[in-house]
2 protein chains.
Amino acid sequence: MALKHAVLAALLDGEYSGYQLAKAFDVGVANFWHALPQQLYAELTRLEADGLVAGRQVVQETRPNKRLFQVTEAGLAELQRFAAAASKPSFIRDDLLVKVQAVDRIEAAPVIEQLTERARIADAKVEIFGKLLARLRGTATEEEFLAHGAPIGPYLTCLRGLGFEQETRDWCERIAGVLRERAAGSPELSRRGPA
Amino acid sequence: MALKHAVLAALLDGEYSGYQLAKAFDVGVANFWHALPQQLYAELTRLEADGLVAGRQVVQETRPNKRLFQVTEAGLAELQRFAAAASKPSFIRDDLLVKVQAVDRIEAAPVIEQLTERARIADAKVEIFGKLLARLRGTATEEEFLAHGAPIGPYLTCLRGLGFEQETRDWCERIAGVLRERAAGSPELSRRGPA
DNA sequence: CATGATTAGTCAGATTCTTGAGTATGGGAA
DNA sequence: TTCCCATACTCAAGAATCTGACTAATCATG
């Protein structure tokens, strides 16, 4: 049950509604976890029932009302416990890698296309993370911010996101290039592969 | 349902038993997917029922009998279909990142310890992937192998695994260093964080 | 002034993944 | 010779995640 702790960690940043969390956990800026809105609303309900977060109703004129949540003392204690316990190892689990693994025996063209597209997406995330990092550290240099800035947690996870997306982009571009070259060199590769 | 295709892709490499697959998908060398033995046995049963893989019983004297599986024509066609369809984006989902995200508000010491441990694990995987890559390309240089070697799929996914683990190792080491420095500079950080 | 996007959520159902236990045999170490 | 580890696999139950549909209001676009 780690989404629970991911939500708690995200809420340390300030008060958020389920909707706001959902956007952070969905689109690019989910730098340390990913979840769908339905999961988040359910999780927030559970967390509130357990007293780990406290929600308050905010009445809005022009928009539907919303509930803002913040972490309680009990929630912080729970996070503390979680952080002290051992972490599970993390694994890559990626459709695109499965396709690349099989590329000797299937048509390469759609795989190349998807690698190119994925590189584009990763590059867009690199930009987003770059800007987010700049915003987080304000006028300080990275060195200064890492030494003394606060909060540092979101900055550090964002650095990880940046590194991950850069790696993804570079690998996708390189592999797309390799597969294109090979297809050009021996077009029959794309159907049955070599002996 | 992508484990299905991950298993098909893994079986393109040759005939494997559930047990052998389980080891590949469990420990370090699962360079493109991860799954537990129970999942794999269940998946193989389903795949066989659907005619996407064919199993044959191998009677062994000194060990329990086993069933070796290979991909059928229908299985290859299914992989082909899968590869031509759009890929879902891949996301980071990592306990350790959640802890780092929260590091301003919780004790840093156990997080630093886990970062160090994770760096060690990642470094071990870097070594494993390095050796595996060398074995896969044999006497060829990387450039030669990428241009003409076969099978190329497993090599490419292994390259991704290598890059991922290197990134993981470097980030963990860097962040552990940063957090250690900060804890040394202002020890009270470890309890409540700065204003 | 219709159409679609955005905000703010909820509900049900299916699939996938994880946890934990259990079966059975043979080989090697203490 | 007892105990643990490796091989090879099975079953059940639960937790987590994903898919898809739905409500309902306001705002911007054409």
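Chain identifiers are assigned alphabetically (A, B, ...) following the order of the sequence lines, protein sequences preceding nucleic acid strands; residue numbering begins at 1 within each chain. Bear in mind the structure is a predicted one, so any value in this text is a computation, not a measurement.
- No donor-acceptor pair closer than 3.5 Å links the side chain of B:Arg137 to the backbone N or O of B:Leu146.
- A salt bridge does not link B:Asp95 to A:Lys88: none of the charged nitrogens lies less than 4.0 Å from a carboxylate oxygen.
- Once rounded to the nearest 0.5 Å, the distance linking CD of B:Gln80 with NZ of A:Lys99 reads 11.0 Å.
- For CD of A:Glu127, the number of neighbouring non-hydrogen atoms (other residues, nucleotides, ligands) closer than 6.0 Å is 12 at most.
- Think of the region where chain A sits on DNA chain C: with heavy atoms and a 4.0 Å cut, that region ends 5' and 3' at C:dT6 to C:dT19.
- Mapping A:Ala2 and A:Leu36 onto DNA chain D via the closest heavy atom, the residue that lands nearer the 5' end is A:Ala2.
- Just one of B:Asp50, B:Leu8, B:Leu47 meets the side chain to side chain contact (heavy atoms under 4.5 Å, CB included) condition when paired with B:Glu78; it is B:Leu8.
- Helix-axis bend for the helix from C:dC1-D:dG30 to C:dA30-D:dT1: the local axis fitted to the five terminal pairs at one end deviates from that at the other end by 40°, rounded to 10°.
- Contact check, A:Lys4 against D:dA16: no side-chain N or O comes under 4.0 Å of OP1 or OP2.
- One can place OH of A:Tyr19 at 17 Å from P of D:dA25, the figure rounded to the nearest angstrom.
- Atoms CG and CZ, from B:Leu11 and B:Phe69 in turn, are 8.5 Å apart once rounded to the nearest 0.5 Å.
- The aromatic rings of B:Phe32 and B:Phe25 stand perpendicular to each other, their planes meeting at an angle above 60°, with 30° marking the opposite boundary.
- Between the CG atom of A:Asp95 and the C1' atom of D:dC18 there is a distance of 13 Å, given to the nearest Å.
- In terms of the side chain to side chain donor-acceptor pair (under 3.5 Å) criterion, residue partners of A:Thr116 (sequence neighbours excluded) are, by chain and number, A:Arg180.
- Under a 4.5 Å side-chain heavy-atom criterion applied to ILVMFWY residues, the cluster that includes A:Leu68 comprises A:Val58 as well.
- Taking the six-membered ring for Trp and thresholds of 30 and 60 degrees, A:Phe164 and B:Phe164 have ring planes more than 60 degrees apart, a perpendicular arrangement.
- The two residues B:Ile106 and A:Leu76 make their nearest non-hydrogen contact at CG2-CD1, 4.4 Å.
- Using a 4.0 Å heavy-atom distance criterion, B:Lys88 is classed as a sugar-phosphate-only contact.
- Residue-to-nucleotide proximity on DNA chain C shows that, of A:Lys66 and A:Arg93, the 5′-proximal contact is made by A:Lys66.
- In this structure, the CG atom of A:Asn65 is 12 Å from the P atom of D:dT26, given to the nearest Å.
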Between the protein and nucleotides 20-24 of chain D, which nitrogen or oxygen pairs are less than 3.5 angstrom apart?
unit_1: D:dG20; atom_1: N7; unit_2: A:Gln38; atom_2: NE2; d: 3.4
unit_1: D:dG20; atom_1: O6; unit_2: A:Gln38; atom_2: NE2; d: 2.6

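- Of the possible donor and acceptor atoms, one in the side chain of A:Thr72 sits under 3.5 Å from a partner among the backbone N and O of A:Leu52.
- The environment of CD in B:Glu143 is sparse: at most 12 heavy-atom neighbours from other residues, nucleotides or ligands sit within 6.0 Å.
- For DNA chain D, the residues of residues 39-63 of chain B within the heavy-atom distance limit of 4.0 Å (strictly under) are B:Tyr41, B:Gln60, B:Arg63, sorted by number.
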